[in-house]
Structures are given as C-alpha cells and as structure tokens.
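We count ligands from 1, going down the list as the structure has it; atoms in each ligand are counted the same way. What you see is a predicted model, and the numbers here were worked out from it, not measured in a lab.
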Amino acid sequence: MDADLTRQVEASFDGAADPRFADIMRSLVRHLHAFIADVHLTEEEWAAAIDFLTRTGQKCDAKRQEFILLSDVLGASMAVINVNHPTGGSATEATVLGPFFVDDAPEFEHGADISGGAPGEPCFVSGTIRSPSGDPIAGALLDVWQSDETGHYDVQYPELETPQGRGRLRTDDAGRYTFWSVQPEAYPIPHDGPVGDLLKAAGRGPMRPAHIHFKISAPGYRTLITHIFAAGDQYLQSDAVFGVKDSLITEFDKTATFDFTLAPETP
Ligand code: BEZ
Ligand code: FE
C-alpha cells in the first residue's frame with residue numbers, strides 16, 4: 001500500500017471545520033486505500049465499480065432508493081442499527097426500516113381491521129408495550145405495515161387508492177395493542193436494478209422472510225423500528241438484507257402475539 005499517498009489524503013481533511021467530518025473522512029480514506037491494496041483492484045474493476053454506482057444513482061427516483069437497497073444487501077444498514085442500538089439490555093431489538101414505510105398511515109381503534117381488504121388469511125395480532133422495568137406504556141404510537149399473501153405492500157399496487165395492511169394504533173391504559181390484519185408472506189426486495197444484478201452475481205436470492213413492520217414511539221423512550229418474523233419461514237436463515245434477529249421470531253398461526261420493550265431516551 002502507498003502509505004505516503006494515504007497519509008497525504010488523510011491530512012487533506014485536517015483543516016475541516018467539523019472535526020467529526022474530518023474523522024469520518026480520514027477513516028474512510030484509510031479503509032478505502034487498504035481495500036484497494038488488499039484486493040489489488042484493477043483499473044477495469046474500479047471502472048466497473050464506478051459504473052455500478054452510477055447505475056445505482058440513476059435507478060433512484062421519488063419512489064425507488066437503490067442506494068438504501070445497496071446498503072441493505074451489504075449489511076451496512078444492519079451494521080449502523082447494531083452500532084446505534086446495541087443489544088444486551090432488555091429493550092426489543094431493532095431492524096431495518098425498508099422502503100415501504102408511509103408517514104401518514106390512517107389511524108385505527110384498538111382491535112380494528114387494518115387489512116383494508118388486502119388478500120390473505122385473517123390474522124389477529126396483539127401484545128404489550130412496556131418499559132425495561134416492566135411498566136406498561138399507555139398511549140404509545142404504533143405504525144404497522146406488512147405484505148399481503150402475494151408478498152406485496154399496498155404501495156406496490158399502482159392502481160390501489162386506499163391503504164392496505166398499514167395503520168397507526170395507540171396502546172390502551174394497560175399498554176396493550178390489538179389489531180386484525182392478514183398473515184404476511186415472504187417477498188423479494190426490488191431486484192430489477194443494479195442491486196438485483198449484484199445479488200445475481202453473488203448467487204444470492206432477493207427474498208425476505210414473512211414479517212410485520214412496527215415503528216413504536218412514546219414520550220421519554222427511543223423510537224423502536226423493528227419487525228416480527230413468522231417462525232418456520234424458509235427464508236429466516238437467508239434474509240436478503242440480514243434483518244432477522246432470533247428474538248424477533250414468533251409463531252403466526254391465525255394469531256401472533258409479541259410484547260415489545262422500549263429503551264428509555266436517556267439510559
Ligand atoms: C422491507 O422489509 O420492507 C424491506 C427492507 C429492506 C429492503 C427492502 C424491503
Ligand atoms: Fe418488509
């Protein structure tokens with residue numbers, strides 16, 4: 001490795017006004033140069049990498065974020081989550097947000113049907129939201145979204161005008177949430193772009209095991225973004241985005257029950 005060059009580029013960030021930016025860039029340069037030396041990257045390979053990143057950018061629009069997908073399939077999204085939400089405490093583990101979250105989902109009453117007519121076997125989902133000391137958290141806000149039995153989210157149907165398998169709920173005084181929906185199904189991440197080409201070149205599949213997404217927030221607690229996964233799904237060991245954590249796997253058999261624990265905002 002050309003240590004002189006690496007030192008020179010690192011030093012070029014010494015005058016940055018933001019010291020955190022300088023730290024991040026120097027570390028990036030060190031790792032990038034070490035990587036290039038490690039694999040003895042050829043000029044053709046570097047050009048192919050630039051072309052790949054160019055195509056990744058060109059695939060992005062208001063609805064498609066190919067760079068996040070790239071981050072997901074490289075495990076970078078999960079690595080960032082793991083750094084920022086270390087496990088070991090009693091809080092429920094976090095996993096990827098994914099591209100199908102919608103900010104303004106409709107609100108539902110306790111026990112309502114959020115399927116909106118989505119095709120699938122009815123499934124009753126319930127549980128409790130608690131603090132690490134076990135106290136129920138009343139009035140916690142849950143955003144829930146999931147695929148239907150064909151493995152599609154509502155936003156993937158261009159013709160569909162109303163939300164399906166998606167909603168916002170609040171916990172009751174006992175910290176409980178309940179809703180009806182449909183059994184979620186495994187599905188492929190979008191793979192008709194450069195990230196799909198990468199998966200193919202790697203001999204990897206695009207599938208994610210069946211799951212329901214949750215985003216749970218309550219005053220005084222860290223917002224939790226996670227899923228619950230269907231036990232027994234054939235893709236639990238080969239999730240395209242490495243999002244599965246054993247603690248998030250639960251039985252789905254017409255009903256699913258899952259209790260969440262939120263971490264306090266200031267530990
Ligand atoms: C999802 O679970 O919705 C998802 C996550 C990452 C990439 C694609 C989809
Ligand atoms: Fe999903």
Got a salt bridge between [X] and [Y], using NZ or NE/NH1/NH2 to carboxylate O under 4.0 Å?
{"X": "Asp197", "Y": "Arg55", "answer": "yes"}
{"X": "Arg30", "Y": "Glu10", "answer": "yes"}
{"X": "Arg26", "Y": "Asp14", "answer": "yes"}

- Message: Any heavy-atom pair between the side chains of Val96 and Arg208 that's under 4.5 Å?
- Response: yes

- With side chains defined as the heavy atoms from C-beta onward, is the minimum distance between Pro209 and Val244 less than 4.5 Å?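 Touching, per the 4.5 Å side-chain cut-off.
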
- Are His33 and His31 close enough that their ring centres sit under 6.0 Å apart?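 Not close enough - the centres of the two rings lie 6.0 Å or further apart.
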
- Message: For Leu97, which part has a heavy atom under 4.0 Å from ligand 1: side chain, backbone, both, or neither?
- Response: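 Contact part for Leu97 vs ligand 1: neither.
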
Quick check on the Fe ion (ligand 2): does [X] put an N/O/S atom closer than 2.8 Å to it?
{"X": "Tyr187", "answer": "yes"}
{"X": "Gln146", "answer": "no"}
{"X": "His213", "answer": "yes"}

- Task: May I ask which of Gly243, Gly98, Pro99 has a heavy atom nearer to atom 9 (C) of ligand 1 than the others do?
- Result: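 Among Gly243, Gly98, Pro99, the closest heavy atom to atom 9 (C) of ligand 1 belongs to Pro99.
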
- Identify, for atom 6 (C) of ligand 1, the protein heavy atom at the shortest distance, and state residue, atom and that distance.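 In this structure, atom 6 (C) of ligand 1 has Asp72 OD2, 3.2 Å as its nearest protein heavy atom.
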
- Note on the structure: Quick note on ligand 1: atoms under 4.0 Å from a heavy atom of Leu69 include exactly 7 (C), 8 (C)

- Which atoms of ligand 1 have any heavy atom of His213 under 4.0 Å away?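 Numbered from 1, ligand 1 contributes 1 (C), 2 (O), 3 (O).
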
- Message: Within the structure, is a non-hydrogen atom of Tyr153 found at a distance of less than 4.0 Å from ligand 1?
- Response: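 The answer is yes: ligand 1 sits under 4.0 Å from a heavy atom of Tyr153.
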
- Message: Less than 4.0 Å is my threshold; does some heavy atom of Tyr187 fall inside it relative to ligand 1?
- Response: yes

- So Phe260 and Arg130, side-chain contact (heavy atoms from CB on, under 4.5 Å) or not? Walk me through it. CA-CA 6 Å; Phe260 297 91; Arg130 294 183 187 279; over 6 Å; no

